[in-house]
Amino acid sequence: MRRTRILTAVLALAAGLLAGTPPALAAESTAKVSLAADTYTWKNARIDGGGFVPGIVFNRSEKNLAYARTDIGGAYRWQESSKTWTPLLDSVGWDDWGHTGVVSLASDAVDPNKVYAAVGTYTNSWDPKNGAVMRSSNRGASWQKTDLPFKLGGNMPGRGMGERLAVDPNKNSVLYLGAPSGKGLWRSTDSGVSWSQVANFPNVGNYQQDPSDTSGYASDNQGIVWVTFDESTGTSGNATRAIYVGVADLQNSVYRSTDAGATWTRLAGQPTGYLAHKGVLDAAGGYLYLSYSDKGGPYDGGKGQVWRYATATGTWTNISPVAEADTYYGFSGLTVDRRKPGTVMATAYSSWWPDTQIFRSTDSGANWTRAWDYTSYPNRANRYTMDVSSSPWLTWGANPSPPEQTPKLGWMTESLEIDPFDSNRMMYGTGATLYGTENLTNWDSGGQFTIKPMVQGLEETAVNDLAAPPSGAPLLSALGDVGGFRHTDLTKVPSMMFTSPNFTTTTSLDFAETNANTVVRVGNLDSGPHIAFSTDNGANWFAGTDPSGVSGGGTVAAASDGSRFVWSPAGTGVQYTTGFGSSWSASSGIPADAIVESDRVDPRTFYGFKSGKFYVSTDGGATFTASAATGLPSGDSVRFKALPGVKGDVWLAGGATDGAYGLWHSTDGGASWTKLSNVDQADAIGFGKAATGASYQTLYTSAKIGGVRGIFRSTDKGATWTRINDDAHQWGWTGAAITGDPRVYGRVYVSTNGRGVIYGDTSDTSGGGGTDPTDPTDPTPTGACAVTYKITNQWSGGFQADVQLSNTGSSAWTGWSLGWTFPNAQTISQTWNAESAQSGSTVTAKNVGWNANVAAGSSVSFGFTGSWSGTNGKPTAFKLGDQACTVA
C-alpha cells in the first residue's frame with residue numbers, strides 16, 4: 001500500500017524537485033504572457049484516496065468539524081452536507097512545495113474558526129526549506145504562515161505519531177509544537193504568530209529508525225512526537241496546568257508539566273523499551289491512555305503494548321489487548337469516546353498479514369474485543385462488513401487465500417478517531433484511504449457495523465506520467481503506490497487500478513499514436529515483471545518479459561503504430577523489441593538510464609536524452625546516434641515529447657538554475673533546437689486540441705514565464721502564453737507530467753506530487769468548439785444487436801459483470817442505449833465504459849462520448865459492480881432502444 005511512498009517522492013525529487021527549487025531567481029524574460037486572461041475550473045480526476053492518512057482531528061466543541069492530514073498531499077476539512085473533504089493547501093506554490101507535507105494539525109476548541117497546520121516534508125537535504133506553522137481564522141480557507149528555524153517531516157519516519165501540534169483548550173493563544181531532529185519542544189503564546197523553544201524541556205528525543213542511513217532520512221532523530229492537555233486542570237482564559245508530552249526515546253517516552261509548562265518531569269513508573277505513539281487523555285475518566293510500539297512507524301513495528309495512567313494517583317496499568325508475546329505489531333491508533341467515558345479503541349497499525357486489527361474496550365481497557373477473530377484457522381469471523389463500492393479498486397483485484405481477505409481492513413492504521421459528538425461515527429486512516437463507520441456501537445450489541453471509504457474529495461496520489469489518447473479513455477495515469485488508472489469518466493472513481501501485473505509504482509506509460517488501443521506501462525515491483533502491455537486501450541493487461549538485470553521501471557516508448565517498443569529500465573541499458581516484449585535486444589549508441597520517447601508519426605523513429613545529449617534512432621530503436629546539437633540542459637531533469645501528426649517535431653523542457661533551463665523546440669527530429677526566449681524555466685510540456693482557427697496544437701507547460709510560476713497555455717506555437725491557474729490553485733510541485741486533451745479544447749491534465757491528477761477546463765468556449773467526450777448523450781440507435789452478459793466475479797453481497805454489445809446489423813450506430821431488467825432486484829453501484837441509470841429493477845446503460853460510434857460487425861463492452869442477495873440470476877432480455885437483442 002504505502003511501501004513505496006518514500007521511493008516515489010525520492011524519484012520525483014531526483015527528476016527535478018531540487019532543480020526546480022532555486023536558491024535565487026533566475027534572470028527574467030519579457031515574455032508575452034497574460035496572467036489572468038482566462039478563467040479555469042479545476043477538479044481532480046477522481047480516484048478517492050490513494051495515499052497515507054496519518055492524522056484525523058475532530059474539533060471538540062463544534063459538531064461535524066473535522067480535519068485530515070496527509071504525508072505529502074496537504075490537509076483537508078470535512079464537509080458534512082456532502083460527506084466529502086475539501087482541500088485546504090492547494091495555494092502552496094512551487095518554491096514552497098515541501099509545505100504540502102503536513103506533520104500535524106490542530107483545531108481550536110475555543111474558537112472553532114481557527115485551525116493550525118505544521119508543514120514541511122523532509123528534515124534532510126531533500127527539502128531545501130525549513131518547516132512552518134500555518135494558521136487560519138476561517139477554517140483553512142486562507143492562511144498566514146510563520147517560518148520556523150528548523151525543518152519538519154510530513155513524509156519522514158514516525159509521521160503517524162502525534163499530534164505534535166496542540167492548542168491549549170483553556171487559553172487558546174497558547175500552542176505547543178514538538179519538533180524533530182533534536183530541536184525540542186516549542187511554544188507560542190500569540191496564537192501561532194511567533195514561536196520560541198521551551199528551554200527547560202529536558203529531552204529532545206534520541207530515537208532513529210536507522211542510525212547508519214547516510215541520506216539523513218532514516219537516521220533523523222524523531223524528536224517530540226505528541227502533546228496533550230488535561231483540560232480539567234485549567235479554567236477558561238487561564239493556561240491549562242497539566243500538559244503531557246511524548247518523546248521518541250525508548251527509555252523515557254512521557255513527560256509532564258503541572259504548572260502550565262514552567263517545569264517538566266519524566267513520569268515515574270512508565271513503561272520502557274517502547275515509543276509512545278499516541279497519548280490520549282480522557283479527563284472525564286481521569287486516565288491518560290498510551291499506545292506503544294517498539295518502532296516509530298509507519299511501516300515497522302514488531303511488538304507493542306497499551307497502557308493506562310491514572311492522572312490523580314500516578315498508577316500505571318498495562319491494559320494491552322493481547323499479551324506482548326503474542327504481538328508481531330506495534331500499537332498506534334488510539335481514541336476514546338468522549339460521550340462514553342471508559343470506551344477506548346486502539347489499532348495494531350503495523351500488522352500487514354493477514355490484516356490490521358482494531359481493538360475496543362468499554363471498561364477502560366480491563367477487557368477488549370477485536371474487530372475480527374479466528375473461528376477455526378484460517379477462517380475468520382468479522383464484527384464488521386466492508387462496502388467499497390464507492391472505491392472498488394480497494395480490493396486491489398486480489399483473490400487471497402484465508403485468513404487474508406479483500407478488501408483488507410487496512411494497514412498503517414495510525415489514525416483512529418471516534419467523533420466526540422457521535423458515538424456511532426468513527427474514522428481511521430490507512431496507507432491507501434480513509435475508512436469510517438456510522439454504526440460503530442453495533443460492535444457492543446453483538447451486531448455488525450459497516451465500514452465504508454469516507455474519502456471522497458481527498459486525493460493523495462503522486463503522479464509520474466499522464467497520457468491522453470486521441471480515442472478510447474480520456475486519461476491514463478502512472479502513479480506512485482497504487483500503480484495507475486484508466487479513466488473513462490473523470491468524475492467517477494475507476495473500478496480498478498492497472499492489474500496483471502499490479503506495479504507498486506508505475507514510472508512511465510505510452511500509447512501508440514495511430515493505434516490507441518496499444519498501451520505499454522513500466523514500473524516497480526518487488527518480484528515479477530516490470531513491463532505490461534494492453535491491446536484494448538488499457539482496460540486489460542498482460543505482462544511482458546524483462547531483459548536481464550532490470551531492477552525498476554524507468555521510461556518506455558511505443559512506436560506510433562504499436563509495432564515495437566523501446567524501454568530504458570533501471571538496472572540495465574536501453575532495450576528494444578518488436579511485438580509485445582517476449583524478447584529484447586540491447587540498443588546501441590545510447591547510454592543507460594536515458595529518457596526515451598517515440599516519434600508520433602514514423603513508427604521506426606525514437607528519441608532519447610541523457611546528460612545534455614539528445615539521441616535519435618531511425619531503425620526502431622536498434623541503434624541511436626547523438627545529435628550534434630549543443631546548449632541543452634546538462635543534467636537529467638528533463639521531459640520531452642514529440643508532437644502528434646508531425647514527424648520530427650519535438651519539444652523539450654527542463655534544466656536547472658545553475659545552467660541551461662527552459663523550453664526548446666526542434667522541427668528536424670532533434671538535429672537542431674531553438675530555445676524559446678520568452679520562457680524562463682519549464683519542467684514539463686504537453687499538447688492538446690488546437691484552438692479554433694489555429695494551425696498548431698495547443699501547448700501546455702508547467703513553467704516560469706514572465707517571472708511567474710504556473711501552468712501556462714499557448715495557442716500560437718509558443719509565441720505568447722496565458723497563465724491558466726491562479727495563486728489559489730498551485731498544488732506545490734507540478735513538474736512530472738502535463739498533457740492537454742486532444743478532443744476537448746482547453747482541457748489540461750496536471751500532475752502533482754501528492755494531490756492526485758488535476759484537470760482544468762476553460763471558460764473560453766470560443767477557443768476550440770470542443771465537446772466533452774465523457775458527457776453522456778441521448779442516442780436512439782436502431783438495427784440488429786447481440787448481447788453477451790458475463791458475471792466475472794462474485795462475493796458475498798456483491799458481484800462484477802461485463803457486457804458485450806455487438807452491432808449485427810448493416811449500418812453503424814452513432815450512439816447506443818441498452819436496457820434490461822434484473823431478475824432478482826440486483827443493484828448497480830459502479831459502471832465503467834458506460835453511463836448507467838436504474839429505476840427499480842430496470843437498468844439503462846448509455847455510451848460515453850468516446851465509444852458512441854459502433855460500426856456494423858463491431859462490438860463495444862462495458863462493465864459494472866453491483867449488489868445482490870439470495871440469487872444473482874442473469875437478465876434474459878436486452879433492448880437497444882426499442883430493438884430486442886439476441887442474447888448469446
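As the structure is a computational prediction, the values presented were derived from the model and not from experiment. When reading the values below, keep in mind they use all heavy atoms of this one structure, side chains included, and skip hydrogens, waters and symmetry mates. Each residue takes its place number in the sequence, starting with 1.
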Asks: Okay, side chain of D220, backbone of Q222: is any donor-acceptor separation there less than 3.5 Å?
Replies: no
Asks: I need the minimum non-hydrogen distance between I224 and V245, along with the two atoms involved.
Replies: CG2-CG1, 3.4 Å
Asks: Kindly compute the distance separating CZ (R360) from OG1 (T335), expressed to the nearest 0.5 Å.
Replies: 10.0 Å
Asks: Would the Y217 and W126 ring centres measure less than 6.0 Å apart?
Replies: yes
Asks: Should the pair K408 and W352 be classed as cation-pi, given the thresholds of under 6.0 Å to the six-membered ring centre and 45° from the axis?
Replies: yes
Asks: Could you go through the side chain to side chain contact (heavy atoms under 4.5 Å, CB included) check for Y116 and S191 one step at a time?
Replies: CA-CA 9 Å; Y116 301 85; S191 300; 3.5 Å; yes
Asks: Rounded to the nearest 0.5 Å, what's the gap from CE on M427 to CD1 on I56? Could you check?
Replies: 7.0 Å
Asks: Classify the angle between the aromatic ring planes of W368 and F359 as parallel (below 30°), tilted (30 to 60°) or perpendicular (above 60°).
Replies: perpendicular
Asks: Who are the ring pair (Phe, Tyr, Trp, His ring centres under 6.0 Å) partners of W78, not counting sequence neighbours?
Replies: W85
Asks: Could you give all pairs that pass the salt bridge (charged side-chain N to carboxylate O under 4.0 Å, His left out) test and reach residues 161-182, with sequence neighbours left out?
Replies: R69-E163
Asks: Counting N and O atoms only, with roles assigned by atom type, does the side chain of S136 sit under 3.5 Å from a partner on the main chain of K114, one being a donor and the other an acceptor?
Replies: no
Asks: Whether the side chain of T240 engages the backbone of F229 through a donor-acceptor N/O pair (distance < 3.5 Å, no angle test) should be reported.
Replies: no
Asks: Do V92 and W97 come within less than 4.5 Å of each other through their side chains, counting heavy atoms only?
Replies: no
Asks: Determine, step by step, whether V344 and V280 satisfy the side chain to side chain contact (heavy atoms under 4.5 Å, CB included) criterion, reporting the C-alpha distance in whole Å, the side-chain angles of both residues, the deciding distance to 0.1 Å, and the verdict.
Replies: CA-CA 10 Å; V344 58; V280 176; over 6 Å; no
Asks: Decide yes or no for S350 and D300: does some side-chain heavy atom of the first lie under 4.5 Å from some side-chain heavy atom of the second?
Replies: no
Asks: Just how far is it from atom CZ of F52 to atom CG of L434, taken to the nearest 0.5 Å?
Replies: 11.0 Å
Asks: Would you sort out whether V322 and Y329 count as a side chain to side chain contact (heavy atoms under 4.5 Å, CB included), showing the intermediate values?
Replies: CA-CA 11 Å; V322 295; Y329 46 76; 3.4 Å; yes
Asks: Looking at every heavy atom in both S181 and T123, which two are closest together, and how far apart are they?
Replies: OG-CB, 3.7 Å
Asks: Should the ring pair Y309 and Y244 be called parallel, tilted or perpendicular, given that the plane angle runs from 0 to 90° and is split at 30 and 60?
Replies: perpendicular
Asks: Can you find a side-chain donor-acceptor pair between Y349 and T356 that sits under 3.5 Å?
Replies: no
Asks: Quick check for you: to the nearest 0.5 Å, what is the distance between K151 atom NZ and M156 atom CE?
Replies: 9.5 Å
Asks: For F201, which residues count as a ring pair (Phe, Tyr, Trp, His ring centres under 6.0 Å) partner, sequence neighbours excluded?
Replies: Y255, W264
Asks: What pair of heavy atoms forms the shortest contact from W226 to A276, and how long is it?
Replies: NE1-O, 2.9 Å
Asks: Would I418 and R338 count as a side chain to side chain contact (heavy atoms under 4.5 Å, CB included) here? Give the steps.
Replies: CA-CA 8 Å; I418 299 173; R338 301 292 176 183; over 6 Å; no
Asks: Is there a donor-acceptor pair closer than 3.5 Å between any side-chain N or O of T146 and the backbone N or O of V193?
Replies: yes
Asks: Would the distance check show the side chain of D210 and the main-chain N or O of A218 forming a donor-acceptor pair, the cut-off being under 3.5 Å?
Replies: no
Asks: Of the non-hydrogen atoms in A462 and I72, which two are nearest, and what is the gap between them?
Replies: CB-CD1, 4.4 Å
Asks: Ignoring hydrogens and geometry, is there a side-chain-to-backbone donor-acceptor pair from H277 to K295 under 3.5 Å?
Replies: yes
Asks: For the residue pair T505 and D481, what are the closest heavy atoms and their distance?
Replies: OG1-N, 3.0 Å
Asks: Is the closest side-chain heavy-atom distance between L250 and L275 below 4.5 Å?
Replies: yes
Asks: Could you check whether D96 pairs with K145 (Lys NZ or Arg NE/NH1/NH2 to Asp/Glu carboxylate O, under 4.0 Å)?
Replies: yes
Asks: Side-chain contact test, heavy atoms from C-beta onward, threshold under 4.5 Å: evaluate it for V119 versus L89 and give yes or no.
Replies: yes
Asks: Does a side-chain heavy-atom distance below 4.5 Å link Y67 with L88?
Replies: yes
Asks: If you count heavy atoms of other groups shown closer than 6.0 angstrom to NZ of K183, is the number above 12?
Replies: no
Asks: When rounded to the nearest 0.5 angstrom, what is the spacing between OG in S194 and CH2 in W186?
Replies: 11.0 Å
Asks: Write down the atom of W195, the atom of L175, and the distance for their closest heavy-atom approach.
Replies: CH2-CB, 3.6 Å
Asks: Using atom types as modelled and distance alone, determine if a side-chain donor or acceptor of S257 lies under 3.5 Å from a backbone N or O of T263.
Replies: yes
Asks: Would you say the side chain of D127 lies within less than 4.5 Å of the side chain of H99, judging by non-hydrogen atoms?
Replies: no
Asks: Is any side-chain heavy atom of N252 closer than 4.5 Å to one of V247?
Replies: no
Asks: In Å and rounded to the nearest 0.5 Å, what is the CE to CD1 distance from M345 to I358?
Replies: 5.5 Å
Asks: Taking the side chain from D363 and the backbone from A366, do they hold a donor-acceptor pair closer than 3.5 Å?
Replies: yes
Asks: Are Y435 and Y428 close enough that their ring centres sit under 6.0 Å apart?
Replies: yes
Asks: Sub-3.5 Å donor-acceptor pair from the side chain of T233 to the main-chain atoms of A242, do we have one?
Replies: yes
Asks: Between Q251 and T272 (side chain of the first, backbone of the second, donor and acceptor by atom type, cut-off under 3.5 Å), is there such a pair?
Replies: no
Asks: Is any side-chain heavy atom of Y289 less than 4.5 Å from a side-chain heavy atom of I319?
Replies: yes
